[in-house]
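Proteins get letters first, then strands, A, B, ... in listed order; numbering begins at 1 in each.
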Amino acid sequence: MQIDRHDTDILILGTGGAGLFAALHAQQAAPEGTKITIAVKGLIGKCGCTRMVQGGYNVALGGGDTVERHFMDTIEGGKWLPNQDMAWRLCEQAVVRIRELENEIGCFFDRNPDGTLHQKAFAGQTADRTVHKGDLTGIEIINRLMEQVLSRPVEKLQEHRAVGLIPTKDGGALAGVLMIDMRTGRFRFVRAKTVLMATGGGPTMYKYHTPSGDKTMDGLAMALRVGLPLRDMEMVQFHPTGLLAGPQSRMTGTVLEEGLRGAGGQLLNAAGQRFMFDYDAKGERATRDVVSRGIYAEMRKSNDPDQVGMFISMAHLGPENVRAKFKGMVKRCADSGFDLAAGLVEVVPTAHYFMGGVVVDVDTRTALEGLYVAGEDAGGAHGSNRLGGNGVANSTVYGGIAGDTMGADIRSMGALRDPDEDVLAAELARATRPLGRAADLVQPLRNRLQEAMWEDVGVMRTAAGMRRGLERVAAIRDELMQVGVAADNLAFNLTWHDWLNMASLCDVSEVIAKAGLARENSRGAHYREDFPDAGAMEESYFTVARQQGNDVSVTREAVDFSIVRPGETILPEGEPETLVAAQ
Amino acid sequence: MLDLRLYMLQRITALIMAPLTLGHIAVMIYAVQGGLTAEEILGRTQGSIFWFLFYGSFVLAVSLHAAIGLRVILHETLGLGGWALRAATWGIAFLLLAMGGQAVIAVTWSGGA
Amino acid sequence: MRPARAHPLWLAFVLHRVSGLALALFLPLHFWVLSLALTQPERLNRFLSFTEQPIAKLAEFGLVFLLAVHMFGGLRLIALEWLPWSAPQKTLAAGAVSVAALISGAFFLQVV
Amino acid sequence: MGRDSDVLQVSVWRGASAQGRYRTYEVPAQENQTVLDVVSWIQHYADASLTYRFACRVGMCGSCAMMVNDQPRWTCRTHVRKVVKEGKVRIGPLRNLPVIKDLATDMDPFFDKWVTAGGVHAPSATRDEPIPPVNPEETARLEASAGIECINCAICYAACDTVAGNPDYLGPAALQRAWTLLNDGKHGARDQILDAVSGTGGCHNCHSMGSCTAFCPNDLDPMSAIAGLKRETARTFFRRRRG
Ligand SMILES: Cc1cc2nc3c(=O)[nH]c(=O)nc-3n(C[C@H](O)[C@H](O)[C@H](O)COP(=O)(O)OP(=O)(O)OC[C@H]3O[C@@H](n4cnc5c(N)ncnc54)[C@H](O)[C@@H]3O)c2cc1C
Ligand code: HEM
Ligand code: SF4
Ligand code: F3S
Ligand code: FES
């Protein structure tokens, strides 16, 4: 198969908050005449999860709240696993980024009557911190960023899927990225001096998941193959209330917003009884991980095979009131046939966010020269748990930093690097593998992978379960390698891309299970029934997974408490525990 | 295929015609009640500066108004564009202006044939 | 492929376009008839007595009706575009205009 | 819905704009099923070569719009029950845009027009300055807010017959964006907007036929936004004349 060759200076993969911000900042930071290219699996700004952000953007903007407080919440929320320098930079730069979003990009965040930004508190925060635009914050952020990028002289490669990171012959640096021009089905190798990977992770290997359909862990699978270390790979955040709309509906798993529980929504079991107080004193208002486990435990108690999830009930708050306050959610449920305002809506925990990712420094550089990683693909900022509102802050803050860093680094970089043609050929062979084989269905394998991960590497884990999960994943991958895709027309061939998606998901699923086995305690999103204790905070470690040859090994590394040690705080003495008024 | 100028011209001519149309209809109703004859109509209108200006401005407005309106229809339904569209617009405007002018003169110029 | 168009504003648009087009086609004819006054008054007279016929009356009513519909439709449009009205007021205005068109139509029917 | 049969007869457009045709598939009916689910089922189980586009699955990204029984709709949020007639439904690519393949259109013209209409915020302050206060109840802010939640799905663009007849016409979504910026006190290029929307493809081509407003899945009202632009341009028309 022939490969079209293409050159640029700065290449950005993905157009979520990280990718779009990187494009804008790179344009500001790079020397005149630098060619910037943005390549994305979907349409610019119309794919990825940043667009789906509902609740909002965490930033400490005064009124008693401080960067220190935001930082402490992030560290404690992450159960002392975050890379503290990254978490600090996130909280500190969020302040600049939100001003940039409002003043330069033109975002329209909600205001208080006095004209200042309106801020609210997600669970796990000790201040009203979350800036938002109704409950459609991501649309506002991405639309404005998208306009900026569309109107600039940035080369746009839409519906271009990255399939392999191609290093130089000596393996010391990145030469470029192999992609498929999805519309034509042709391969394109793009050389670049610097590449930002911002493909946004996305734990879509679970039966119930929230991220957008284009996200299938391609970035992390590619990083794994070039031998980069990945950290915190066991950390999959589940959102407690995913919609259950039937086995074959894409609506299944999509998120019902957190605010429903905040406003007093009740979770009921099949018998119509509330159960969350059996698990936590805060009941439905406990943090995401706690509520997810409560629902999951309750689901396991039910013996009725037709009764899968639990129910969320809002009707006691007055249907009219609910309809007015949660207009979007009520309409969305109605579109899939449920009455949120007056009836019961069946919910399940749903895989929402991936805390794990490539090991990077605070400037988004990786171990491979020329490769930068930002957003959900990068690990470290959140540790074992991401606070609601820290996700989009992370992608926009670090996307901007990546743009600045690439723009600066490129000044000292010489010519484009030549790729290791053997790796290029191997990646091409990998991606075209199904094309020579007898066509078969891909989707049943995806369904089986999702079942396996949900059952064995899901909300609650055991060593036995995860080992079983590993076996199931391996078997599914073996079958996938035998499944072919009809090759008569490769233009916009979604089934070929489904196959490639599955390949990425299988690779990363294996790492999730292995990292899960390596962590023998329960922290944040990772809960081991066989090791329910959190372990000593002082001895916190994070997992690092690496692929060598065909083998993935996981090691543990001690957390560096570079700013604050467990049990201590950087808040001034006498600061109140929380600034959020009790509900 | 409208820009601001054509748009304004179409709206302004429309606003000019609105009262004129009402007036014209009123006259017609009044006239019709007695049964119409050419003499009756002409007797009333011929030699009158008022009616000349009344119908004159109507003809002027409607030539522009209808030419712009037909231009839009030609563009949107027949895909006409460029010089052809421009020519058609002007053609229609002049045709209406010429025929309308003739009619106004016939109806309001004193003496007649 | 056509999107469904059976909503009031689209119908109003069609009515406006059709009436405008019809008027534009009729207008030259009307001018021609009138200019007969200049050259052949007797033919104009014959024409005018022809208008006594019921069919002609109907056609005449149609024309007046078209003119009224187009005019009110156009005024509605200009109001909608230029007056900073809120949505319910717009609906009201649209309603009022259609009523006006109807009344005037009925009125003409009486007279003619 | 034709629940008596548990199979849907679904005709789907196959091919590019010019040489394409509808092909019929039988799809098992489900209790809960959106039009996107139906299309996905066909690709997953019946015809692996079918092309379509989606991302978010919940009405936020605006990538999944198609013609369903000849009406433009967001397919991820359209329950089959709402559109099926006697067990049948017809699905085609979005109108008024070039078709790349099957149900996927090229949306570039739509976004090019978005930019042409001036739909890009120009800064009037920098990241180093404080965020300016904005009174949320101010009329201009309310006007801008009313149109800001557009997901650029191009459903309005597909519904508009003026777009169909006049390829230069910028279309409802782009013009609505221009209107939100005109009302945004923070926008630094407000003077340019009126020029940008007054050219040959500008807001004056709109006939207020209102299909945009009728079909917008988010209940936005581009028609009124465009009327706002006409009003403002008309006002400056007189002002510039006098000046
Ligand atoms: C429903 C939902 C609600 C959320 N709500 C909140 C919230 O309220 N607050 C908050 O802080 N966070 C929230 N998050 C999390 C937040 O959205 C993410 O943390 C963040 O947006 C990730 O940004 P990103 O730029 O890294 O990735 P994304 O925005 O996901 O972008 C990834 C991009 O990479 C592209 N891509 C993927 N694979 C490839 C490939 N192989 N080649 C080329 N391109 C590729 C994708 O198409 C996409 O354009 C939410 C997430 C979801 C799913
Ligand atoms: C009497 C007062 C009149 C008013 C208030 C009026 C108003 C209008 C308006 C506002 C439009 C623009 C419609 C749009 O953009 O969709 C229009 C279009 C048009 N008018 Fe008139 N008009 C009047 C009389 C006439 C007359 C007498 C004729 C016939 C010669 C005419 C022919 C047309 C045509 C052909 C169009 C184009 C229709 C279209 O674009 O759909 N108008 N009119
Ligand atoms: S205005 Fe409505 S229909 Fe048009 S693009 Fe925006 S959301 Fe879609
Ligand atoms: S449908 Fe089209 S004509 Fe105007 S009111 Fe909407 S843009
Ligand atoms: S898939 Fe995003 S709007 Fe339908």
With only heavy atoms counted, which part of [X] is less than 4.5 Å from chain C, the side chain, the backbone, both or neither?
X	answer
B/Leu70	side chain
B/Tyr7	side chain
B/Val62	side chain
B/Thr77	side chain

- Task: Tell me, with the steps shown, if B/His24 and B/Tyr55 meet ring pair (Phe, Tyr, Trp, His ring centres under 6.0 Å).
- Result: CA-CA 9 Å; B/His24 179 64; B/Tyr55 286 113; 5.4 Å; yes

- Does any pair with a residue in residues 85-99 of chain B pass side chain to side chain donor-acceptor pair (under 3.5 Å), and if so which ones, sequence neighbours excluded? B/Arg71-B/Thr89

- Message: Whether the side chain of B/His65 engages the backbone of B/Gln10 through a donor-acceptor N/O pair (distance < 3.5 Å, no angle test) should be reported.
- Response: yes

- Query: Does the B/His75 side chain pair with the main chain of B/Gly81, one donor and one acceptor, at a distance under 3.5 Å?
  - Reply: no

- Message: Under 4.5 Å from any heavy atom of chain B, what part of C/Leu23 do you find: side chain, backbone, both or neither?
- Response: neither

- Message: Among B/Gly101, B/Gly100, B/Gly69, B/Ala14, which residue has the highest count of heavy-atom pairs closer than 4.5 Å to chain C?
- Response: B/Gly100

- Query: Under a 4.0 Å N-O cut-off, is there an ion pair linking C/Arg76 with C/Glu81?
  - Reply: no

